[in-house]
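Here's the structure, in structure tokens; my notes come after.
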Amino acid sequence: MTKGEHEDIIQTLSKSKILVIGDLILDIHREGKTIGVSVETPTLVVKHKDSRVSHGGAGLFVRNVLALGGQVTFVTLLGDDEYAAEAENFSHPNLQKVIFREKGRITTVKERFWSGSHKLLCWDRLDNRPISSQTEEIIFSFVKENLPAFDKLIVSDYRHGLISKELANRLVRLAKETDKPIYVDSQVAQNFGNHKWYVGANLFCLNEKEALSIDREFNNASLEESLARLSKILGGADIILKLGERGSVSIIRGRYIATEPYRVEAVDTIGAGDAFFAVLALTPHMGLENYLKLANVWAALAVT
């Protein structure tokens, strides 16, 4: 696929208008230089050089959608702490944020501390409690009222409490009732997946670990058979399996498709999955192989 072909396909994506619900994570990257060891304790002393804040989790997925020209209404949850204001700084001409809060909840923040190229510390502020039934009802009511105006409903579930089993079930039923496609990308947390909460969704985007969490018989040596079984388990859904540097494979409307990788020199693979899913979320006609190729290209560029 040539650069011109990529650009032509991206133009078709830019017309899409999607409603996204998912967990926003505030990523804070702190960089410094090691200057020695503390006299009092055997602790590294690092001189601060720079701090960067970015919007991760479902926010990273949304950023990719916006970069591709899509229009997004992003439904998410924040705490009532000082970090919420930083998360609210997320803005773009094609973005509408719909932020809900719960008293006493903390905003999900992941801080990474570096000295040169060495990661010293990961410091996570997490509050993975399920949302209250009152908050769930308010969120669902918003989605129900507004979904008819969108092309698709996209779930980017990072498992930080926003989406309960009941809410997942209700979102799938609502999408069916309003004849809107619903696409799901849900992370595996604590070694179990929640994909069966979304049985009946139109499309699932998975990696190999997530596939195995759904089906213990999943075998990457027999991918076509494994994907067909996954599709059956998840209610006949289309399945797209990300294979990293090996490309991707899919079952789309019963048809098996293998898509070659786009070769790049990878620097950091974090975020490739969100980049890949962003193309799928905007695709007007799933099953067209050029869109699957573009998803591989976009994910590959993300790791550079």
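Quick note: numbers below take in every heavy atom, side chains included, and nothing from hydrogens, waters or symmetry partners.
Counting heavy atoms of neighbouring residues, nucleotides and ligands inside a 6.0 Å radius, atom CD of Glu260 does not exceed 12 of them. Heavy-atom neighbours of Glu88 CD from other residues, nucleotides or ligands within 6.0 Å: above the threshold of 12. Counting non-hydrogen atoms of other residues, nucleotides and ligands closer than 6.0 Å to CG of Asp50 gives a total above 12. Around the CD atom of Glu145, the shell of radius 6.0 Å holds no more than 12 heavy atoms that belong to other residues, nucleotides or ligands.
Thr135 contributes no side-chain N or O that, together with a main-chain N or O of Ile131, makes up a donor-acceptor pair within less than 3.5 Å. When atom types are taken as modelled, the side chain of Asp124 and the backbone of Leu126 share no donor-acceptor pair closer than 3.5 angstrom. Under the 3.5 Å distance criterion, the side-chain polar atoms of Lys152 are left unmatched by any main-chain donor or acceptor of Tyr183. Under the 3.5 Å distance criterion, the side-chain polar atoms of Ser231 are left unmatched by any main-chain donor or acceptor of Leu227. No side-chain donor-acceptor contact under 3.5 Å links Asp215 to the backbone of Ala211. A donor-acceptor pair under 3.5 Å is formed between the side chain of Arg105 and the backbone N or O of Asp127. Using a distance-only test at 3.5 Å, with no hydrogens or angles considered, no donor-acceptor pair links the side chain of Lys17 to the main chain of Thr73.
Counting heavy atoms from C-beta on, the side chains of Leu162 and Ile139 come closer than 4.5 Å. Inter-residue side-chain proximity for Phe277 and Val184 is flagged as unmet; no heavy-atom pair is nearer than 4.5 Å. Leu171 places a side-chain heavy atom less than 4.5 Å from the side chain of Leu153. Looking at heavy atoms from C-beta onward, Val155 lies in side-chain contact with Ile163 at the 4.5 angstrom threshold. Inter-residue side-chain proximity for Ile18 and Gln71 is flagged as unmet; no heavy-atom pair is nearer than 4.5 Å. Between Arg229 and Ser226 there is a side-chain heavy-atom pair separated by less than 4.5 Å. Considering only heavy atoms from C-beta on, Arg52 comes within 4.5 Å of Glu31 through its side chain. Contact of the Val46 side chain with the Phe113 side chain is not registered, since no non-hydrogen atoms from C-beta on lie closer than 4.5 Å.
A salt bridge links Arg125 with Asp81; the closest basic N to acidic carboxylate O contact falls under 4.0 Å. Between Asp27 and Lys110 there is no salt bridge, since no side-chain nitrogen of the basic residue lies less than 4.0 Å from a carboxylate oxygen of the acidic one. The existence of a salt bridge linking Glu177 and Arg170 is excluded, since no basic side-chain nitrogen approaches an acidic carboxylate oxygen closer than 4.0 Å.
By the 6.0 Å and 45° rule, Lys97 does not stack over the aromatic ring of Phe74.
A donor and an acceptor atom, one from each side chain of Tyr158 and Asp274, are located under 3.5 Å apart. There is a side-chain donor-acceptor pair under 3.5 Å between Ser186 and Asn194. Side-chain contact annotation: Glu102 with Ser132, donor-acceptor N/O pair under 3.5 Å present. Judged by distance alone, the side chains of Ser164 and Glu136 do bring a donor and an acceptor atom under 3.5 Å apart. Residues Glu40 and Ser38 have side chains that bring a donor and an acceptor to within less than 3.5 angstrom of each other.
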- Item | Full working for side chain to side chain contact (heavy atoms under 4.5 Å, CB included) between Lys242 and Cys205 | CA-CA 7 Å; Lys242 301 169 288 186; Cys205 187; 3.8 Å; yes
- Determine, step by step, whether Phe90 and Arg63 satisfy the side chain to side chain contact (heavy atoms under 4.5 Å, CB included) criterion, reporting the C-alpha distance in whole Å, the side-chain angles of both residues, the deciding distance to 0.1 Å, and the verdict. CA-CA 9 Å; Phe90 187 15; Arg63 286 162 54 198; 3.5 Å; yes
- Item | Arg30 and Arg112: CA distance, side-chain angles, deciding distance, side chain to side chain contact (heavy atoms under 4.5 Å, CB included) verdict | CA-CA 6 Å; Arg30 303 195 188 278; Arg112 301 296 180 258; over 6 Å; no
- Task: Mind running side chain to side chain contact (heavy atoms under 4.5 Å, CB included) on Ile240 and Leu292 for me, showing each step along the way?
- Result: CA-CA 9 Å; Ile240 299 181; Leu292 294 169; 3.7 Å; yes
- Query: Arg101 and Asp80: salt bridge (charged side-chain N to carboxylate O under 4.0 Å, His left out), yes or no, with the steps?
  - Reply: CA-CA 7 Å; Arg101 288 185 178 79; Asp80 63 350; over 6 Å; no
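Here the straight-line distance linking atom NZ of Lys180 with atom CG of Asn202 works out to 12.0 Å at 0.5 Å rounding. Between the CG atom of Leu121 and the CG atom of Leu44 there is a distance of 11.0 Å, given to the nearest 0.5 Å. Rounded to the nearest 0.5 Å, atoms CD (Glu225) and CD1 (Ile251) are 11.0 Å apart. The CD1 atom of Ile214 lies 4.5 Å from the NE2 atom of His195; values are rounded to the nearest 0.5 Å. Between Thr34 atom OG1 and Leu120 atom CG the span is 5.5 Å, to the nearest 0.5 Å. With rounding to the nearest 0.5 Å, the separation of CG in Leu77 from OG1 in Thr107 is 8.0 Å.
Here the closest non-hydrogen pair linking Ala87 and Leu24 is CB-CD2, 3.7 Å. Smallest separation of non-hydrogen atoms from Gly193 and Val188: CA-CG2, 4.4 Å. In terms of heavy-atom proximity, Ala278 sits nearest to Asn64 at CB-CB, 3.5 Å. Here the closest heavy-atom approach between residue Asp185 and residue Gln187 is recorded as OD1-NE2, 4.0 Å. Here the closest non-hydrogen pair linking Gly79 and Ala84 is O-CB, 3.5 Å. When every heavy atom of Val172 is checked against every heavy atom of Ala201, the shortest pair comes out as CG1-N, 3.9 Å.
Leu280 and Leu241 fall into different hydrophobic clusters, defined by Ile, Leu, Val, Met, Phe, Trp and Tyr side-chain heavy atoms under 4.5 Å apart, directly or through other members.
Relative ring orientation between Tyr198 and Phe204 is described as perpendicular, the plane-to-plane angle rising above 60° on a 0-90° scale split at 30° and 60°.
Of the candidates Thr108, Thr76, Asn128, His160 forms a side-chain hydrogen bond (donor to acceptor under 3.5 Å, both in side chains) with just one, namely Asn128. Of the candidates Ile233, Ile252, Leu206, Leu206 is the only one forming a side chain to side chain contact (heavy atoms under 4.5 Å, CB included) with Ile239.
For Glu208, the salt bridge (charged side-chain N to carboxylate O under 4.0 Å, His left out) partners are Arg246, not counting sequence neighbours.
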